[in-house]
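Let me begin by presenting the structure, written as structure tokens, before commenting on it.
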Amino acid sequence: MSLTKIEDLPTVYDAKETEESIYKFWEENEFFKADAKSPKKPYSIVIPPPNVTGVLHMGHALDETLQDILVRYHRMSGYETLWVPGTDHAGLATQNVVEKQLMKEGLTRNDLGREKFLERTWKWTNDHKSAILDQMKRLGASFDRSRERFTFDKGCSEAVKEVFVTLYNKGLIYKGAYIVNWCPRCQSAISDVETEYETEQGHLWEISYPLKGESGAIIVATTRPETIFGDVAIAVHPSDHKYSELIGKTVVIPLTGREIPIIADEYVDKTFGTGAVKITPAHDPNDFEVGKRHGFNPIWVIDEKGCMKACGEVPSNLHGLDRYEARKQIIKMLEDNHSLLRVKEHEHNVGKCQRCGTTIEPLLSEQWFVKMKPLAEEAIKAVKDGRIKFIPERWEKNYLGWMENIRDWCISRQIWWGHQIPAYYHKTTGEMVVAKENPDPENYVQETDCLDTWFSSGLWPFSTMGFPNAETDDYKKFYPTSTLVTGFDIIFFWVARMITMGLEFTGKAPFSTVYIHGLIRDEKGQKMSKSKGNTIDPVVIIDKYGCDALRFTMTSLCTYGGQDIKISDERFEYGRNFANKIWNASRFVLMNLDGVDNNDIDFSNLTIADKWILDKLNSVAKEVNTNIENYRIGETAHTLYDFFWNSYCDWYVEIAKVQLQDSSLKLNTQRVLRYVLDMSLRLLHPIMPHITERVWQLIPKQTEFKAIMLADYPVFKNSLEFPAEAREMELVFETIKSLRNVRQSFNIPMSLNFNIIIHASADEKPVFEAIENYIKRMARVEGISYAEVSDVPAKKSATAVVSASKIVIPLENLIDFNAEIARQEKKLNKLQTERKSLEGRVNNPKFAANAPAELIKQTKERIDEILVQENAINDFIATLKA
RNA sequence: GGGUGUUUAGCUCAGUUGGUAGAGCGUCUCCCUUACAAGGAGAGGGUCGGGGGUUCAAGUCCCUCAACACCCACCA
């Protein structure tokens, strides 16, 4: 890196310039590359692969930042760290994109045919495959691009085939006809988790089915009258007296006249609708079960496009009609026929395709399923026995609840873009073979269905490490992975399946911790979505505020409970301002390091301020390590912000300005300034990688590290503990603060330096003497003299009680003495209130009996302290009034 | 119907073994004090959703009610 002259550094931090050059510096030096042969202990994360069709959004920004923080922290903490990047082929999503392109050309995928369509989709994919990962570079992501993977690459295909064939051979994958969620737009089955329910205002139609051969009818309530042609029976509850006479009789379907029986089934709810249900096994999951129980053959009346089927069961005028159009027509026909008795408003939930929002059609069809129950057992156990831990813990319950009631997973999709199911059918006999390769391409054709895209993502933690080959260096070194970072919205889609598959195929939990963070929402708490137009583009934020500002702001908003995060554009000013603070404080330090040597701090020549900041830094290092280890990332950000801004900048740097004037202290002060800056930057680096690297490269020092990202992460050290001095510094702060308060209260201009008299207690006097220079400079004090605590303070003075001492500021005619009396009385009041409350406690015998001795001691000490201060204030007031 | 989360300063939210509340922004004063006005100094502001309980002591634990958000299930 080129070392810019300190004096040339701009006074405003230039994020753009910094981020570009710094990221390039890391990449060119291959600092992100992990070494599978390293003797260091491993830490690994696999990225939740973003869709190839995806564009970087705030959710990624948060997810990737958190991963990068963990990765950078562990890298600096001595782990051989690997972060595997990659993308997901996103079956349906990608297919839709390419189909849309074709549509513009007036083509459909069928015009091209499977092979040509795949060729085209591959081309599109190859053009876009890495775009989103390139965008993630803007986030500072330190993933190892040399290991970039794709869920549809060769290795992943191998893994998919291995897993599919094995599960099939174990009887855990089966093919069968079941009701699935069918998306008429995507023209494919989708899984249960891909179906989202929305409450809609609909209707409940009551339709009369006349009895065959006698008068009377049974009235059935339905929300979907268009399915009546697929009815195979009317069901009533066996114990429903209303209908007991009718069970076993035959009714006639209105409009077509087909005859169906009335049956009894426990499934029916006597209290809902009319208590009689039409049974349509081909188009309703519950009806399918009922139909199966009673041995009915399903009748299809709606096709894959959501249109009425052109079959004998459906009146010919409805053939090919869209389901909703057909519904209208049927209502009319039923009305004309006097079969429609009543229409009621009815609120109900309607399933929608997660991807396109189309109302799903429950459709009986032949699909492939994974038998989940047996697989789930181990996945439940692994979480229960702690092999896998969820952070925050409450998601465990969520996960377990789902796993314990898991249903089979429909994995086949009627699409072309994806892992084609490795099943082969004999061209003439139809015999099916499931195998990794076609046993005989002459005579066998492959199953046309593809797998759910989550099938391959479910293998991600080990397919990226070389599986099915368990002997690769990466697999041996980095599998199982350490932490999985993701949002709660894909626990079922992805996390649960990785756990299941990982345990089944590698015998190990694919990761030990699942760190679940909240979702990013807009300032009103609404989900961000393109359709709502409330999205915030991370790239825009980075351009405007800088990547580190984005990262810091988001990180600071993360809570341990994983609450959702509300953001708005202006929020990022927080991070930007902090970055600028770091920049300017660093500039100050760098500008004041002239003549400094390469030696470490001389511990025999430390001032109490030096000791205080070192002690503080030390405890911050301890806290930060603990917090990161425990996924308290937000607290980490707050701790570092507070330390750097409030302790280092506001106090230590100001004090250092005093010490730098003293030739006996200058050199060591420079070393302390440099050391604390260095360590602060290291502590901050995982959260704000660019600015810390940039500044760190400018610090003149001897170090074996080429970059801050490779430097040791600061940890707690006994040698940096100075508890006594840290406490003494409180006197400095209190003194200066109260003097500033006096100045403000009486509008004394900064230009006017006043003298003070310190009525110091015996044990505090030496401390005051040691800190005289700080007080003088930071509170603008001209001269300091001393008196006994017991001495009567001068008249016409403002006063401040600090600890056991009092500070008197003779101000002659400068202040309004009535105002000063009021000020003192207010303070007195506050103290008295506190004392009374404390005394009440101490005088309570139960408190004395039950409270810890240490607390009782502290309380008593505080009371004594207050009494001393109260007396002092009373003295002042008396003097003023005299 | 089942479950989870939220309710703390004007706004957005922190607050890990129970010991009388914090930050950022905003507000009010003052200040361009040679790192930083994206800054510095000072100030004001809360009966921690309501009610009850346990305890010497509750924002923190228990019960209950209310409002809001989300998840799961899905009765035609």
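Bear in mind the structure is a predicted one, so any value in this text is a computation, not a measurement. Proteins come first, then strands; the chains are lettered A, B, ... in the order of their sequence lines, and each starts at number 1.
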message: Within the 4.0 Å limit for protein heavy atoms, which parts of nucleotides 3-8 of chain B are touched? Write it as a string from 5' to 3', B for base, S for sugar-phosphate only, - for none.
response: SSSS--
Letter per nucleotide, 5' to 3', of nucleotides 52-62 of chain B [B base touched, S only sugar-phosphate touched, - untouched; heavy atoms, 4.0 Å]: ----B------
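In this structure, CZ of A:Phe272 is placed 15 Å from P of B:G1, rounded to the nearest angstrom. Distance CD1 (A:Ile491) to P (B:C70): 17 Å, rounded to an integer number of Å. Here the C1' atom of nucleotide B:C71 and the CE atom of A:Met403 are 17 Å apart, to the nearest Å. In this structure, A:Glu570 atom CD and B:A38 atom P are separated by 16 Å, rounded to whole Å. If you measure from atom CD1 of A:Ile360 to atom P of B:C74, you get 11 Å, rounded to the nearest angstrom. Atom OH in A:Tyr652 sits about 16 Å away from atom P in B:A35, given to the nearest Å. Rounded to whole angstrom, the span from the CG atom of A:Asp569 across to the C1' atom of B:C25 amounts to 14 Å. Rounded to whole Å, atom C1' of B:G42 lies 13 Å from atom CG of A:Asp650.
For the C1' atom pair drawn from B:A43 and B:U16, the interatomic distance equals 33 Å after rounding to whole Å. Spacing of P atoms, B:G49 relative to B:A9, comes out at 8 Å, to the nearest Å. Annotation: B:A66 and B:G51 have their P atoms spaced 15 Å apart (nearest Å). With P as the reference atom, B:G22 and B:A73 are 44 Å apart, rounded to whole Å. B:G18 and B:U60: their C1' atoms are spaced 6 Å apart (whole Å). Taking the P atom of each, B:C11 and B:G5 are spaced 25 Å apart, rounded to whole Å.
Distances from the side chain of A:Lys581 to the nucleotides B:A38, B:C71, B:A35 place B:A35 closest. Distance from the side chain of A:Asn584 is smallest for B:A35 among the nucleotides B:G42, B:A38, B:A35. Side-chain proximity of A:Asn349 to B:A73, B:C13, B:G40: nearest is B:A73. Nearest to the side-chain atoms of A:Arg780 among the listed nucleotides B:U33, B:A38, B:C71 stands B:U33. Among B:C36, B:U16, B:A38, the nucleotide with an atom closest to any side-chain atom of A:Glu654 is B:C36. Of the candidates B:A76, B:A38, B:G42, the closest approach to any side-chain atom of A:Arg576 belongs to B:A38. Distance from the side chain of A:Tyr560 is smallest to B:G15 among B:U29, B:G15, B:C71. Among the nucleotides B:G24, B:G42, B:C36, the one closest to any side-chain atom of A:Asn580 is B:C36.
Under the 3.5 Å distance criterion, the side-chain polar atoms of A:Asp265 are left unmatched by any main-chain donor or acceptor of A:Ala235. Between the side chain of A:Thr227 and the backbone N or O of A:Gly230 there is no donor-acceptor pair closer than 3.5 Å. Put simply, the side chain of A:His283 gets close to the backbone of A:Val301: a donor and an acceptor are under 3.5 Å apart.
Around the NZ atom of A:Lys270, the shell of radius 6.0 Å holds more than 12 heavy atoms that belong to other residues, nucleotides or ligands.
RNA chain B lies under 4.0 Å from at least one heavy atom of each of the following residues of residues 220-235 of chain A: A:Ala221, A:Thr222, A:Thr223.
A:Glu839 and A:Lys836 are not joined by a salt bridge, as no carboxylate oxygen comes within less than 4.0 angstrom of a charged side-chain nitrogen. Salt bridge present: A:Glu865 and A:Arg862 bring a charged side-chain N and a carboxylate O closer than 4.0 Å. The pair A:Lys352-A:Glu196 fails the salt-bridge criterion, with no side-chain N (NZ, NE, NH1 or NH2) lying under 4.0 Å from an Asp/Glu carboxylate O.
A:Trp645 has a side-chain polar atom (N or O) that falls below the 4.0 Å cut-off from OP1 or OP2 of B:G40. Between B:A35 and A:Lys657, a contact under 4.0 Å exists linking OP1 or OP2 to a side-chain N or O. Within the structure, a side-chain polar atom (N or O) of A:His346 is placed less than 4.0 Å from OP1 or OP2 of B:A76.
Aromatic ring centres of A:His346 and A:Phe272 lie closer together than 6.0 Å. Residues A:Tyr13 and A:Trp583 place their aromatic rings such that the two centres sit under 6.0 Å apart.
For B:A41, the base has a donor-acceptor partner in the side chain of A:Gln744 [N/O atoms by modelled type, under 3.5 angstrom].
If A:His348 and A:Leu557 are placed on RNA chain B by their nearest nucleotide, the residue sitting closer to the 5' end is A:Leu557. The nearest heavy atom of RNA chain B to A:Arg632 and to A:Gly525 marks one nucleotide each, and the one closer to the 5' end goes with A:Arg632.
Taking 4.5 Å as the limit, every side-chain heavy atom of A:Phe733 sits out of range of all side-chain heavy atoms of A:Asp650. The shortest side-chain heavy-atom distance between A:Phe488 and A:Asp564 falls under the 4.5 Å cut-off. Considering only heavy atoms from C-beta on, A:Ile331 stays 4.5 Å or farther from A:Val343 through its side chain.
Within the 4.0 angstrom heavy-atom criterion, only backbone atoms of the sugar-phosphate kind lie near A:Tyr574; the bases stay farther away. When heavy atoms are screened at a 4.0 angstrom cut-off, A:Tyr197 is found touching base atoms of the nucleic acid. Within 4.0 Å (heavy atoms only), A:Val12 reaches at least one base atom of the nucleic acid. Base contact: A:Leu838 has a heavy atom under 4.0 Å from a base atom. Residue A:Arg823 is classed as having no contact, given no heavy-atom separation below 4.0 Å to the nucleic acid. Here A:Asn741 lies in heavy-atom contact (under 4.0 Å) with sugar-phosphate atoms only. A:His237 comes within 4.0 angstrom of nothing in the nucleic acid, heavy atoms only. Across all strands shown, A:Phe492 has heavy atoms under 4.0 Å from sugar-phosphate atoms exclusively, and none from any base.
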- prompt: Does the pair A:Asp284 and A:Arg224 meet the rule for a salt bridge (charged side-chain N to carboxylate O under 4.0 Å, His left out), with working shown?
  reply: CA-CA 10 Å; A:Asp284 183 278; A:Arg224 308 200 52 203; over 6 Å; no
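RNA chain B contains the following stems of three or more consecutive Watson-Crick or G-U pairs, with both distances under 3.5 Å: B:1-7 with B:66-72, B:10-13 with B:22-25, B:27-31 with B:39-43, B:49-53 with B:61-65.
In this structure, A:Ile541 CD1 and A:Arg551 CZ are separated by 15.5 Å, a value rounded to the nearest 0.5 Å. In this structure, OG1 in A:Thr11 is found 5.5 Å from CZ in A:Arg587, a value given to the nearest 0.5 Å.
For A:Ser751, there are no side-chain hydrogen bond (donor to acceptor under 3.5 Å, both in side chains) partners at least two apart in sequence or on another chain. Taking the ring-ring contact (aromatic ring centres under 6.0 Å, His included) definition, one finds that A:His517 meets it with nothing, sequence neighbours left out.
At least one test fails for A:Lys292 against the ring of A:Tyr178: distance under 6.0 Å to the centre or angle within 45° of the axis.
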